[in-house]
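Take a look at the structure below.
Not measured: the values here are computed from a predicted model. Values reported hereafter were calculated over all heavy atoms of this structure, with side chains retained and with hydrogens, waters and symmetry mates removed.
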Amino acid sequence: MASSNIRHFCSSTLIFLLLPLLLQFYSGKSELQFNYYAQSCPRAEEIIKEQVIKLYNKHGNTAVSWVRNLFHDCMLKSCDASLLLETVNGIESEKASQRSFGMRNFKYVNTIKAALESECPVTVSCADVVALSARDGIVMLGGPRVEMKTGRRDSTESYGAVVEDFIPNHNDSISLVLSRFESIGVDVEGTVALLGSHSVGRVHCVNLVHRIYPTVDPTMDPDYAEYLKGRCPTPDPDPQEVLYARNDRETPMILDNYYYKNLLGHKGLLMVDQQLTSDPLTSPYVEKMAADNGYFHDQFSRAVVLLSENNPLTGDQGEIRKDCRYVNSN
């Protein structure tokens, strides 16, 4: 009788231990993992890195685009390359949303994907291209090396109709921005770090003139306001014109903590930037990151990983697109 009970206990324990694995197999869902393409496409990550470096040397702003792509893709339901889909066959592209204003260099995503397809056809997902190009772009911008898992798959649908429900606007309150990031598992400290990506790149005058016209935002440094007026001389700029201001005038193409130093000097470019210094939840982290670039990089790395692993499609979910712009035809 005792032997029978032991066998029953052991078999029950084995089933209990295997249950999560069986459920995972049944659902077609699996976890992201490091070196996912080690067998199927051994040079995948190296190919992406080579292309990112080559593109950066020709067009430095591509590195900034890769970072922004990660944010726009992963904030919206899933890191699944839905961002890259074009408007066609009933699909409404996320790129057409007002939230995507100013985004560019999408054609060079196709360059990276073409290099992968040449070596390993229909193997490496566009979602992983988005994630890994951001990782390598961060390094090109002087930021930290972020260790990323792979194995994402591509969405077969776009979420163009609901972009504004997920991606915060630069004029939103900091509390709303924090809640949006919290909903995908990024805490306050991580959110402050991710906003540090505003250290690189530029902002079109359309998105900032409300802070300097008709009157200057009283929280803004007067000399900085004069600089912005020089960059944006009219309160009604043409969105098609190349009218912009740099987020960070000291090191505009380096991902560093000058962004936070500028905030403490009342030189925040966007409304959401400057709010970081006035909100009691975020201001301590601004001060800490302004004082320690290493701490900023550590927190930025941690938050980028969280962002990049938001609800990915894995296993047999979604597909591996042949062309990142379109769902597969068969």
Side-chain angles (χ1 to χ4, degrees), residues 28-74 78-85 104-156 255 297 300-302 304-330:
K29 179 115 175 141
S30 58
E31 297 299 316
L32 299 179
Q33 56 188 269
F34 291 113
N35 302 312
Y36 177 83
Y37 299 105
Q39 300 299 320
S40 59
C41 189
R43 290 195 65 247
E45 296 196 26
E46 191 62 29
I47 290 170
I48 293 172
K49 182 179 178 181
E50 289 170 359
Q51 291 297 318
V52 166
I53 293 172
K54 190 182 296 185
L55 287 164
Y56 175 81
N57 289 333
K58 287 184 180 178
H59 317 280
N61 59 28
T62 52
V64 180
S65 295
W66 308 150
V67 178
R68 190 174 178 191
N69 284 354
L70 183 74
F71 165 70
H72 279 259
D73 189 46
C74 293
S78 168
C79 293
D80 58 8
S82 61
L83 170 70
L84 303 177
L85 290 172
R104 52 191 172 155
N105 293 319
F106 289 113
K107 63 184 177 182
Y108 297 125
V109 175
N110 303 330
T111 302
I112 299 172
K113 177 65 168 170
L116 290 163
E117 289 297 301
S118 176
E119 179 134 343
C120 311
V122 201
T123 302
V124 182
S125 70
C126 299
D128 277 338
V129 171
V130 169
L132 294 177
S133 62
R135 178 189 73 179
D136 296 332
I138 288 166
V139 173
M140 300 310 295
L141 294 167
R145 167 77 177 184
V146 182
E147 296 304 320
M148 275 191 186
K149 295 178 181 178
T150 42
R152 299 166 189 79
R153 288 172 63 86
D154 300 326
S155 169
T156 56
L255 186 66
H297 277 181
F300 185 80
S301 296
R302 181 180 67 85
V304 163
V305 169
L306 290 172
L307 178 65
S308 73
E309 295 181 3
N310 178 37
N311 193 32
L313 303 180
T314 57
D316 60 5
Q317 297 176 314
E319 65 180 14
I320 304 297
R321 283 185 222 140
K322 298 172 186 174
D323 184 323
C324 293
R325 298 169 297 176
Y326 310 106
V327 296
N328 295 339
S329 56
N330 49 36

Is there a side-chain contact between [X] and [Y], using heavy atoms and a 4.5 Å cut-off?
X	Y	answer
M140	T62	no
F106	N69	yes
Q317	D80	no
C126	K113	yes
Y36	S125	no
P312	L32	yes
F300	P144	yes

Side-chain donor or acceptor of [X] paired with backbone N/O of [Y] under 3.5 Å:
X	Y	value
N328	K322	yes
D128	T150	no
S78	N311	yes
Q33	K149	no
D154	A81	no
S65	N105	no
S118	A114	no
R321	S155	yes

Checklist entry - Is there a salt bridge (Lys or Arg N to Asp or Glu O under 4.0 Å) between K49 and D136 once you walk through the steps? => result CA-CA 6 Å; K49 182 179 178 181; D136 296 332; over 6 Å; no
With rounding to the nearest 0.5 angstrom, report the [atom1] to [atom2] distance, [X] to [Y].
X	Y	atom1	atom2	result
L70	S308	CG	OG	6.0 Å
L132	I112	CG	CD1	9.5 Å
T123	Q39	OG1	CD	12.5 Å
R153	L313	CZ	CG	8.5 Å
L83	R68	CG	CZ	9.5 Å
I138	S301	CD1	OG	7.5 Å

Checklist entry - Can E50 and K54 be counted as an ion pair, charged N to O under 4.0 angstrom? => result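 Result for this pair is no, no salt bridge flagged.
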Item to check | Pair L85-V327, side chain to side chain contact (heavy atoms under 4.5 Å, CB included): steps then yes or no | outcome: CA-CA 8 Å; L85 290 172; V327 296; 4.0 Å; yes
Shortest non-hydrogen contact from [X] toward [Y]:
X	Y	value
N110	C324	OD1-CB, 4.3 Å
L307	C79	O-SG, 3.2 Å
Y108	H59	OH-NE2, 3.1 Å
A115	I47	CB-CG2, 3.8 Å
A44	Y37	CB-CB, 4.0 Å

Next on the checklist: Using the rule given for side chain to side chain contact (heavy atoms under 4.5 Å, CB included), can you reason through E31 versus T314, listing the C-alpha separation, both sets of side-chain angles and the distance that settles it, and then say yes or no?
Outcome noted: CA-CA 7 Å; E31 297 299 316; T314 57; over 6 Å; no
Checklist entry - When you look at V146 and R302, which way does the side chain to side chain contact (heavy atoms under 4.5 Å, CB included) test go after all the steps? => result CA-CA 8 Å; V146 182; R302 181 180 67 85; over 6 Å; no
Next on the checklist: Between N61 and Y56, is the side chain to side chain contact (heavy atoms under 4.5 Å, CB included) condition met? List the steps.
Outcome noted: CA-CA 7 Å; N61 59 28; Y56 175 81; over 6 Å; no
Next on the checklist: With salt bridge (Lys or Arg N to Asp or Glu O under 4.0 Å) as the criterion, how do R135 and E45 come out once you've worked through the C-alpha distance, each side chain's angles and the decisive distance to 0.1 Å?
Outcome noted: CA-CA 10 Å; R135 178 189 73 179; E45 296 196 26; 3.1 Å; yes
